[in-house]
Colleague: 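Let me give you the structure first, and then I'll get to my questions.
Chain letters run A, B, ... following the sequence lines, proteins first, then strands; residues in each count from 1.
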2 protein chains.
Amino acid sequence: MEQITLCPRVEKGIQILSKRWAILVIYRLLSGPQRFCTIEAALPISGRLLSERLKELEQEGIVNRKVYPETPVRIEYSLTEKGRALEPVVREIESWSSAWVLPEEKVEA
Amino acid sequence: MEQITLCPRVEKGIQILSKRWAILVIYRLLSGPQRFCTIEAALPISGRLLSERLKELEQEGIVNRKVYPETPVRIEYSLTEKGRALEPVVREIESWSSAWVLPEEKVEA
DNA sequence: TTTGATACTTACTTTTCGTAACTAAATGTA
DNA sequence: TACATTTAGTTACGAAAAGTAAGTATCAAA
């Protein structure tokens, strides 16, 4: 499996965004800072993986984690400047989706 | 794991694009039709998965498969109109990557 | 002292993915 | 005719990633 790279930055960028749930989490955070439990409730993602993914996005400098030492503890996740810079990407996905994606049909079990 | 959906179409759109290798394959195909072996050589993807992913993208109506019964057989994959409509998404990822993503450092084993 | 809430973490199972070997079809070569 | 060659896969199997569910840490109110 050899690679002939078009552009290594773009390929790395795509890799970051292609990780499962990454774009969906960013999509949520574009509407403002959110707590862990709010993101968890909004997406069909497991807490285990959300925790992992947020940590990765934090390491990439896309997401910011802020602890409020209240009771019970409140932790807010928000987008960094690098994260907010992804807004045009998400907006383009939005308009593509509106134009081309059919809403999922609910399938009964 | 309950969901409160912002927009079901957008979430489905994001899900489609979030599948591993999907955007990278589309990125490649934006520069024109490509054969199976060319895409395989260009990305660190296994043939097994490329085959699977292309089949999925074909079912989503994003990719087109054309068989040339030459010897040996030649099969060209290209983007449909729905697939080409993703170009703005990829262009935005490109500009985000140029602005924010650092090139990967090669790590010696 | 117990309960309750949030934000995780751990243990375990299921699904997805990568590797490598194999198949199918069509031709060229000995 | 038999065998090799090339492309585009498929299959079998082990490894890695992700889902599920239960447990932990922290703090403070009851």
Side-chain angles (χ1 to χ4, degrees), chain A residues 1-4 11-12 14-29 32-60 63-79 104 107 109, chain B residues 1-4 11-12 14-26 28-29 32-60 63-79 107 109:
Chain A
M1 291 202 305
E2 280 310 307
Q3 300 109 276
I4 301 132
E11 301 216 341
K12 197 194 167 192
I14 293 176
Q15 303 262 22
I16 293 168
L17 299 178
S18 288
K19 292 221 91 174
R20 198 182 274 186
W21 306 114
I23 305 180
L24 275 171
V25 168
I26 293 162
Y27 177 46
R28 291 279 158 176
L29 290 180
Q34 311 236 341
R35 310 179 56 167
F36 187 91
C37 61
T38 311
I39 305 173
E40 193 179 14
L43 298 173
I45 185 178
S46 62
R48 185 197 144 289
L49 194 52
L50 178 57
S51 168
E52 197 175 303
R53 206 52 90 234
L54 283 169
K55 224 175 276 177
E56 288 167 11
L57 289 172
E58 203 190 339
Q59 275 167 8
E60 290 289 349
V63 158
N64 210 285
R65 183 178 188 270
K66 188 166 182 191
V67 180
Y68 295 86
E70 305 167 355
T71 290
V73 67
R74 186 160 60 95
I75 293 172
E76 270 193 1
Y77 291 92
S78 57
L79 294 176
E104 197 86 51
V107 181
Chain B
M1 290 202 305
E2 280 309 308
Q3 299 108 278
I4 301 133
E11 299 215 345
K12 197 193 168 195
I14 293 176
Q15 302 262 22
I16 293 168
L17 299 178
S18 288
K19 293 220 91 173
R20 197 182 272 183
W21 306 114
I23 304 181
L24 275 171
V25 168
I26 293 163
R28 290 280 159 175
L29 291 180
Q34 311 237 339
R35 312 180 55 166
F36 187 91
C37 62
T38 311
I39 305 175
E40 194 180 13
L43 299 173
I45 185 177
S46 61
R48 184 197 146 290
L49 194 51
L50 178 57
S51 168
E52 196 175 301
R53 207 50 92 235
L54 284 168
K55 227 175 273 177
E56 289 166 10
L57 289 172
E58 202 189 342
Q59 274 167 7
E60 291 289 348
V63 158
N64 211 284
R65 182 177 187 272
K66 189 165 182 193
V67 181
Y68 296 85
E70 306 168 352
T71 290
V73 65
R74 185 161 59 97
I75 293 173
E76 270 193 0
Y77 291 92
S78 57
L79 293 176
V107 180

Colleague: Answer yes or no: is there a side-chain heavy-atom contact under 4.5 Å between Ile26(B) and Leu17(B)?
Modeller: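 Result yes, sub-4.5 Å side-chain heavy-atom pair found.
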Colleague: Give the rounded distance in Å between these two atoms: CD of Glu52(B) and P of dT16(C).
Modeller: 8 Å
Colleague: Grab the CG-C1' distance between Leu50(A) and dT20(D) for me, whole Å please.
Modeller: 15 Å
Colleague: Just so I know, are the side chains of Leu24(A) and Gln15(B) near enough to count as touching, which here means a heavy-atom distance under 4.5 Å?
Modeller: yes
Colleague: Leu29(B) and Ile39(B): side chain to side chain contact (heavy atoms under 4.5 Å, CB included), yes or no, with the steps?
Modeller: CA-CA 8 Å; Leu29(B) 291 180; Ile39(B) 305 175; 4.0 Å; yes
Colleague: dA7(C) C1' sits how many Å from Gln34(A) CD, rounded?
Modeller: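 About 16 Å, once rounded to whole Å.
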Colleague: With a 4.5 Å heavy-atom cut-off, do Trp21(A) and Leu50(A) have their side chains touching?
Modeller: no
Colleague: Using whole Å, what does the distance between atom P of nucleotide dT19(C) and atom CG of Leu49(B) come to?
Modeller: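 Atom-to-atom, Leu49(B) to dT19(C), this comes out as 11 Å.
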Colleague: Measure the distance from CD on Glu40(A) to C1' on dG19(D) and round it to the nearest whole Å.
Modeller: 12 Å
Colleague: Can you pull every protein N or O that's under 3.5 Å from an N or O on nucleotides 7-9 of chain D?
Modeller:
unit_1	atom_1	unit_2	atom_2	d
dT7(D)	O3'	Arg35(B)	NH2	3.0
dT7(D)	O3'	Val73(B)	O	3.1
dA8(D)	OP1	Arg35(B)	NE	3.4
dA8(D)	OP1	Arg35(B)	NH2	3.4
dA8(D)	OP1	Ile75(B)	N	2.9
dA8(D)	OP1	Ile75(B)	O	3.4
dA8(D)	OP2	Cys37(B)	N	3.2
dG9(D)	OP1	Arg65(B)	NH2	2.5
dG9(D)	OP2	Tyr77(B)	OH	2.4

Colleague: Over the length of the helix from dT1(C)-dA30(D) to dA30(C)-dT1(D), how much do the five-pair end axes diverge, rounded to 10 degrees?
Modeller: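 Axis angle across the helix from dT1(C)-dA30(D) to dA30(C)-dT1(D), nearest 10°: 30°.
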Colleague: Which heavy atom of Gln34(B) sits nearest to which heavy atom of Gly32(B), and what is that distance?
Modeller: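 What the structure gives for the nearest pair is CG-O, 3.2 Å.
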Colleague: Is there side-chain contact between Glu56(B) and Glu60(B), with heavy atoms separated by less than 4.5 Å?
Modeller: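 With C-beta onward as the side chain, the pair stays apart.
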Colleague: Kindly write out the residues that satisfy side-chain contact (heavy atoms from CB on, under 4.5 Å) with Arg20(B), not counting sequence neighbours, or none if the list is empty.
Modeller: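 side-chain contact (heavy atoms from CB on, under 4.5 Å) check on Arg20(B) returns Arg53(B).
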Colleague: Val63(A) versus Tyr77(A): any side-chain heavy-atom pair under 4.5 Å?
Modeller: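 In contact.
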Colleague: Mind listing the N/O atom pairs, protein and nucleotides 28-30 of chain D, below 3.5 Å?
Modeller:
unit_1	atom_1	unit_2	atom_2	d
dA28(D)	O5'	Thr71(A)	OG1	3.4

Colleague: Can you name the atoms? Protein N/O to nucleotides 20-22 of chain C N/O, anything below 3.5 Å, with the distance.
Modeller:
none

Colleague: May I ask you to evaluate whether Trp21(A) reaches the phosphate of dA17(D), defined as a side-chain N or O under 4.0 Å from OP1 or OP2?
Modeller: no
Colleague: Holding to side-chain hydrogen bond (donor to acceptor under 3.5 Å, both in side chains), I want the full list of residues that pass it with Gln59(A), two or more places apart in sequence or in another chain.
Modeller: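 Residues passing side-chain hydrogen bond (donor to acceptor under 3.5 Å, both in side chains) with Gln59(A): none at all.
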Colleague: Between atom CD1 of Ile75(A) and atom NZ of Lys66(A), what is the distance when rounded to the nearest 0.5 Å?
Modeller: 12.5 Å
Colleague: Got Glu11(B) and Arg28(A) here, is their nearest side-chain heavy-atom distance under 4.5 Å?
Modeller: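 Result yes, sub-4.5 Å side-chain heavy-atom pair found.
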Colleague: Indicate the atoms forming the closest heavy-atom contact of Glu76(B) with Pro33(B), along with that distance.
Modeller: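 Result for this residue pair: OE1-CB, 3.6 Å.
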Colleague: Looking at every non-hydrogen atom in both residues, tell me the closest pair between Tyr68(A) and Val73(A) and how far apart they are.
Modeller: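 Between these two residues, the closest heavy atoms are O-CG2, 3.6 Å.
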